[in-house]
Amino acid sequence: MKVGFNFSNLLGTVYCRGNLVFTPDGNSLLSPVGNRVTCFDLVNNKSFTFGFEHRKNIARIALSPQGTLLLSVDEDGRAILTNFIRRTVLHYFNFKSNVQDIKFSPDGTHFAVAAGRMTEVWRTPTFDEERQFAPFIKHREYTGHFDEVSHISWSGDSKFFLTASKDRTARIWSLNPVEGFVPTTLSSHKDSIVGAWFSHDQETIYTCSRDGALCEWKYTTRPGQDDEDEDMDKEEKWFVVNRNYFLQNNAKVKCATFHKESNLLVVGFSSGVFGLYELPDFNTIHTLSISQNGIDFVTVNPSGEWLAFGASKLGQLLVWEWQSESYIIKQQGHFDAMNALAYSPDGQRIITTADDGKIKVWDSKSGFCIVTFTEHTSGVTACQFSVRNLLFTASLDGSIRAWDLIRYRNFKTFTAPTRLQFSSLAVDSSGEIVCAGSLDSFDIHIWNVQTGQLLDRLSGHEGPVSSLSFAPDGTNLVSGSWDRTVRVWSIFSRTQTSEPLPQSSDVLSLCYRPDSKQVAVSTLDGQLTFWDVENADQVGHVDGKKDISGGRKVTDRVTAANNPATKHFNTISYSADGTCVLAGGNSKYMCLYDVASGSLVRKFTVSVNLSMDGTQEILNSKNLTEAGPMALIDEQGELSDLEDRIDRTLPGATRGDMSARKARPEIRVAGISFSPTGRDFAAATTEGLVIYSLDNTLLFDPFELDVDVTPATTLHALNEEKDYLKALVMAFRLNEKYLIHQVYESTPVNDIALVVGGLPRVYLSRLLRHVAGFVEEGPHLEFGLLWVECLFESHGLWVKENRGECEAEMRRVVRCLKRVQNEVARMGNENEYTLEYLLSQPAVKGNKANSSLQMETAPS
């Protein structure tokens with residue numbers, strides 16, 4: 001089995017805090033999710049997460065106007081400069097202060113950083129011939145504000161910029177010294193200023209404050225002064241010429257943005273309402289409530305058509321098209337801890353369940369949430385797929401629900417005679433029987449799916465049932481309990497016998513191997529044991545206490561190495577081929593073990609985010625005070641705003657209360673599952689749904705690279721030598737998608753069979769993957785199908801014998817061909833009568849035209 005899994009994507013979390021940024025073309029949106037950045041492609045309905053991680057949650061991000069450089073800054077002021085196109089980290093830097101805002105100038109030569117009360121302007125790193133020793137060169141520092149600078153806005157010519165501060169003033173600065181210009185202070189507000197912007201012609205300045213006041217400034221003489229008043233000063237200054245108020249029932253302004261080209265002002269309020277206004281007339285275009293909590297950030301794409309909103313309290317991300325009044329995307333993650341996950345049989349969808357009582361269905365390819373089920377009234381603890389796209393979930397509300405993922409509805413609900421809180425679930429391979437276990441009762445309940453009738457209650461355990469698993473072939477049911485036993489039940493036989501397998505400690509999790517011959521068991525003392533089900537013999541053992549141990553919380557009195565709370569596995573999963581087991585628990589690590597040898601193959605670190613508990617190995621003693629750890633000291637009562645000072649948390653609530661869970665979450669892995677293809681796996685963590693994949697195609701991933709293999713020599717072989725096979729192999733070795741695409745489209749139709757026949761088989765899976773992608777995305781349908789036909793004519797037997805190596809690519813090819821078939825059939829059905837009409841008409845018209853032509857050319 002291949003074990004080179006790398007981070008691929010982060011699902012389940014769409015927005016945490018910070019700002020949102022549109023790309024220069026306006027088709028993609030960048031959103032900070034914890035200590036990572038996710039890019040949502042709004043046109044192609046896809047998303048990806050950058051591979052780099054910050055040490056704390058990201059506070060601000062900025063993208064250069066050329067769309068090449070991404071600058072992200074965390075809560076401590078540590079910045080990462082990334083090549084946005086290549087998705088590679090270029091430089092690390094520390095601003096040594098909390099960064100409230102960061103903006104690139106419109107010409108892309110400088111960027112301004114609001115660091116505390118100062119504003120720093122830095123030169124943008126360039127990649128010209130003049131190489132720089134230090135990528136970050138400070139241009140100038142600007143001081144003058146008496147409180148934190150909260151907003152920065154550049155003028156259109158990149159010569160001036162505005163800063164807005166909590167000291168109720170806005171200031172105008174020049175990038176370089178300008179003759180006759182003096183930095184100006186604009187002070188007319190009674191509350192802290194949220195934003196300040198130049199108009200498109202730079203003749204007007206708009207400032208907006210938290211109390212809902214909007215001021216319009218112009219460079220003129222004092223308003224109301226007549227020409228006859230010669231005694232008064234006629235000096236031109238920036239004066240307020242107009243003042244407007246939003247009047248939103250005492251709701252404070254939390255964020256605002258201004259689109260210069262269309263004169264649109266978008267304002268988000270603390271009540272969850274946003275307003276769209278046209279300036280300078282202050283005409284209200286729209287007012288809409290989109291959230292139960294306040295809107296934290298709003299932005300507009302460059303064309304002014306789409307508005308993006310972020311609400312951190314519930315993790316909401318919305319993109320709204322204001323002209324058509326429709327949502328482009330409307331996404332929300334779980335606002336409580338995830339408990340379980342499951343892959344669909346085709347691997348295209350991932351189901352997640354959480355303590356908020358919601359079940360979310362995620363598209364593994366696009367990364368978007370397709371549907372959310374909210375019928376459960378309490379936390380959902382387990383989920384499992386069955387045949388025919390049926391999903392079963394268990395909840396603490398005492399119900400087992402069956403869902404139809406074709407019609408997206410709950411078609412069956414199973415309950416017990418007494419009120420129970422179900423914590424485990426298992427469904428047999430035929431989808432006819434569903435079993436559930438509870439921590440309240442020691443019995444296993446069995447229902448018939450078709451009738452909904454409770455068939456039996458299996459008794460035998462002397463403790464709560466913690467885990468259930470049906471054999472993939474449907475012969476046996478295995479249950480694990482806190483009574484230190486694992487029982488194998490033959491529920492389909494007449495006797496319904498159960499055979500106990502004694503364990504060394506309480507059983508936390510178990511799972512069947514895909515061939516139904518072996519069971520892996522995880523216990524409270526950190527042991528992994530492997531049992532032969534047929535002979536009831538223990539065939540393997542792994543001591544994983546030291547492997548998974550790691551991470552010390554701020555409240556722990558013992559070190560990470562001696563903490564028993566992190567030394568066991570809460571969830572385990574077999575790989576698709578059954579050779580490896582992946583396990584995770586209340587730790588920042590996930591461990592991959594080889595079953596045959598019992599050795600640790602690889603160790604995955606879920607997160608390095610210091611904003612969460614359990615990611616540090618050693619605590620810093622300077623953060624420990626007489627009142628306890630600094631991270632747990634309540635500073636809420638000292639905040640400047642009244643709304644922030646009010647404590648709305650429930651007394652004693654640490655798990656179900658949303659605000660308390662967001663304040664100091666603990667890192668843990670609640671669920672792990674391999675995809676059916678075995679090419680990737682998903683883990684339900686505190687950060688979100690983390691996907692690790694073998695198919696994480698980087699933009700530059702060279703394969704057997706040589707000195708002579710360059711893009712220039714590849715193009716020379718393609719255009720000059722006309723050696724298409726050589727050019728294709730060189731493009732694969734460089735693994736540049738544009739080169740592979742160019743060779744693919746330049747190959748003549750008559751040479752496709754020769755090129756494919758001579759291709760080394762080491763490149764076969766890559767060619768299959770690329771051809772399927774080009775057929776899906778490209779306009780050349782028949783050309784792509786010819787490539788697929790030649791591939792299977794030349795290498796079909798080898799692909800059949802080595803299905804394991806090409807399984808993911810074959811699934812993509814089959815999906816692509818099915819889509820083409822459906823589209824052609826649909827197009828034919830829609831145009832059936834039109835085609836009949838067109839085919840019947842030209843023959844008549846052609847005959848008439850020919851006859852008339854013959855009459856004209858006949859000799860007179």
Side chain to side chain contact (heavy atoms under 4.5 Å, CB included) evaluation trace for Thr163 with Arg171: CA-CA 5 Å; Thr163 58; Arg171 293 175 182 257; 3.8 Å; yes
Rounded to the nearest 0.5 Å, how far does CG of Asp167 lie from OG1 of Thr185? 8.5 Å
Closest approach of His54 to Val608 (non-hydrogen atoms, all atoms of both residues): O-CG2, 4.0 Å
Could you tell me how the ring of His286 sits relative to the ring of Trp320: parallel (under 30°), tilted (30 to 60°) or perpendicular (over 60°)? perpendicular
Polar side chain donor-acceptor pair, Thr38 to Thr49, under 3.5 angstrom: yes
Measure the shortest side-chain to side-chain distance between Phe84 and Thr68 over non-hydrogen atoms and say whether it is less than 4.5 angstrom. no
Would Lys358 and Asp356 satisfy salt bridge (Lys or Arg N to Asp or Glu O under 4.0 Å), going step by step from the backbone distance to the final call? CA-CA 6 Å; Lys358 293 182 180 179; Asp356 56 8; 5.3 Å; no
Can any side-chain N or O of Ser28 pair as donor or acceptor with the backbone N or O of Cys39 at less than 3.5 Å? no
Reported CZ-to-CZ distance for the pair Phe282 and Arg243, which is rounded to 0.5 angstrom: 12.5 Å
For the pair Thr686 and Glu666, evaluate side chain to side chain contact (heavy atoms under 4.5 Å, CB included) and give the outcome as yes or no after the intermediate values. CA-CA 7 Å; Thr686 314; Glu666 298 177 0; 5.7 Å; no
Would you sort out whether Thr169 and Phe146 count as a side chain to side chain contact (heavy atoms under 4.5 Å, CB included), showing the intermediate values? CA-CA 9 Å; Thr169 64; Phe146 300 100; over 6 Å; no
N/O donor-acceptor pair under 3.5 Å between Ser165 side chain and Glu148 backbone: yes
From Tyr327 atom OH to Phe309 atom CZ, the distance as rounded to the nearest 0.5 Å: 8.5 Å
Can you name the closest pair of heavy atoms from Pro106 and Trp154 and give their distance? CD-CB, 3.6 Å
Is Lys218 salt-bridged to Glu203, cutoff N-O under 4.0 Å? no
Is any NZ, NE, NH1 or NH2 atom of the basic residue among Asp191 and Arg210 found under 4.0 Å from an Asp or Glu carboxylate oxygen of the other? yes
Heavy-atom side-chain contact between Cys215 and His189 under 4.5 Å: yes
With a cut-off of 6.0 Å (strictly less than), are more than 12 heavy atoms of other residues, nucleotides or ligands near NZ of Lys260? yes
I want to know whether Phe160 and Phe181 have ring centres closer than 6.0 Å. yes
Fit a plane to each ring of Tyr277 and Phe246, take the angle between them on a 0 to 90° scale, and name the class: parallel (under 30°), tilted (30 to 60°) or perpendicular (over 60°). tilted
Ignoring hydrogens, what is the shortest heavy-atom contact between Arg78 and Asp74? Give both atom names and the distance. N-OD1, 2.8 Å
side-chain hydrogen bond (donor to acceptor under 3.5 Å, both in side chains) for Lys56 and Ser611? Distances and angles first, verdict last. CA-CA 5 Å; Lys56 283 198 175 181; Ser611 299; 5.7 Å; no
With the side chain counted from C-beta on, respond yes when Trp322 and Ile285 share a heavy-atom pair under 4.5 Å apart, and no when they do not. yes
Can you confirm whether Arg140 is buried at CZ, in the sense that more than 12 heavy atoms of other residues, nucleotides or ligands lie under 6.0 Å from that atom? yes
Only one of Thr184, Asn242, Thr207 passes side chain to side chain donor-acceptor pair (under 3.5 Å) with Trp217, and that residue is Thr207
Would Leu20 and Leu317 satisfy side chain to side chain contact (heavy atoms under 4.5 Å, CB included), going step by step from the backbone distance to the final call? CA-CA 9 Å; Leu20 303 170; Leu317 178 66; 3.7 Å; yes
Without swapping roles, check the side chain of Ser150 against the backbone of Ile193 for a donor-acceptor pair under 3.5 Å. yes
Of all the heavy-atom pairs spanning Ser105 and Ser158, show the shortest one and how long it is. CB-OG, 3.9 Å
Any Lys103 side-chain heavy atom under 4.5 Å of His151 side chain: yes
If you measure from OG on Ser271 to CD1 on Ile295, what distance do you get to the nearest 0.5 Å? 7.5 Å
Neighbour count above 12 (heavy atom, 6.0 Å) for Gln292 CD: no
Minimum heavy-atom separation for Gly315 and Val14, please, with both atom names. O-CG2, 3.2 Å
Side chains of Arg36 and Thr13 only: does a donor on one sit below 3.5 Å from an acceptor on the other? no
Angle between ring planes, Trp306 versus Phe22, binned at 30° and 60°: parallel, tilted or perpendicular? tilted
Flag if over 12 foreign heavy atoms under 6.0 Å of CG, Asn249: no
Keeping the roles fixed (side chain from Tyr142, backbone from Leu175), state whether a donor-acceptor pair exists under 3.5 Å. yes
Straight-line distance of Arg55 CZ to Glu75 CD, nearest 0.5 Å: 13.0 Å
Would a distance-only check, ignoring hydrogens and angles, find a side-chain to backbone donor-acceptor pair under 3.5 Å from Ser64 to Leu69? yes
Is there side-chain contact between Leu70 and Val21, with at least one heavy-atom pair below 4.5 Å? no
Counting N and O atoms only, with roles assigned by atom type, does the side chain of Arg60 sit under 3.5 Å from a partner on the main chain of Val99, one being a donor and the other an acceptor? no
I'd like to know if the side chain of Ser312 and the backbone of Arg17 have a donor-acceptor N/O pair within less than 3.5 Å. no
Quick one, Phe269 and Val253 - any side-chain contact, counting heavy atoms below 4.5 Å? yes
Can you see which heavy atom on Val273 is nearest to which on Gln248, and at what distance? CG1-OE1, 4.0 Å
Derivation of the salt bridge (Lys or Arg N to Asp or Glu O under 4.0 Å) call for Lys96 and Glu120: CA-CA 12 Å; Lys96 300 179 181 179; Glu120 303 175 356; over 6 Å; no
Any donor-acceptor N/O pair, Asn19 side chain to Ile61 backbone, under 3.5 Å: yes
With a 4.5 Å heavy-atom cut-off, do Leu63 and Pro24 have their side chains touching? yes
Any non-hydrogen side-chain atom of Phe239 less than 4.5 Å from a side-chain atom of Arg222? yes
Once the angle between the rings of Phe50 and Phe52 is folded into 0 to 90°, is it parallel (under 30°), tilted (30 to 60°) or perpendicular (over 60°)? tilted
For the pair Lys360 (side chain) and Gln332 (backbone), establish whether a donor and an acceptor sit closer than 3.5 Å, ignoring hydrogens and angles. yes
According to the interplanar angle, ranging from 0 to 90°, do the rings of Trp122 and Phe95 count as parallel (below 30°), tilted (30 to 60°) or perpendicular (above 60°)? perpendicular
Using modelled atom types and a 3.5 Å cut-off, is there a donor and acceptor pairing between side-chain atoms of Gln331 and backbone atoms of Cys369? yes
Residue pair Ser607 / Asn609, side-chain donor-acceptor N/O under 3.5 Å: no
Roughly how far apart are Glu305 CD and Ser262 OG, rounded to 0.5 Å? 9.5 Å
Please find out if less than 6.0 Å separates the ring center of Phe111 from that of Phe136. yes
Is there a donor-acceptor contact under 3.5 Å linking the side chains of Asp355 and His334? no
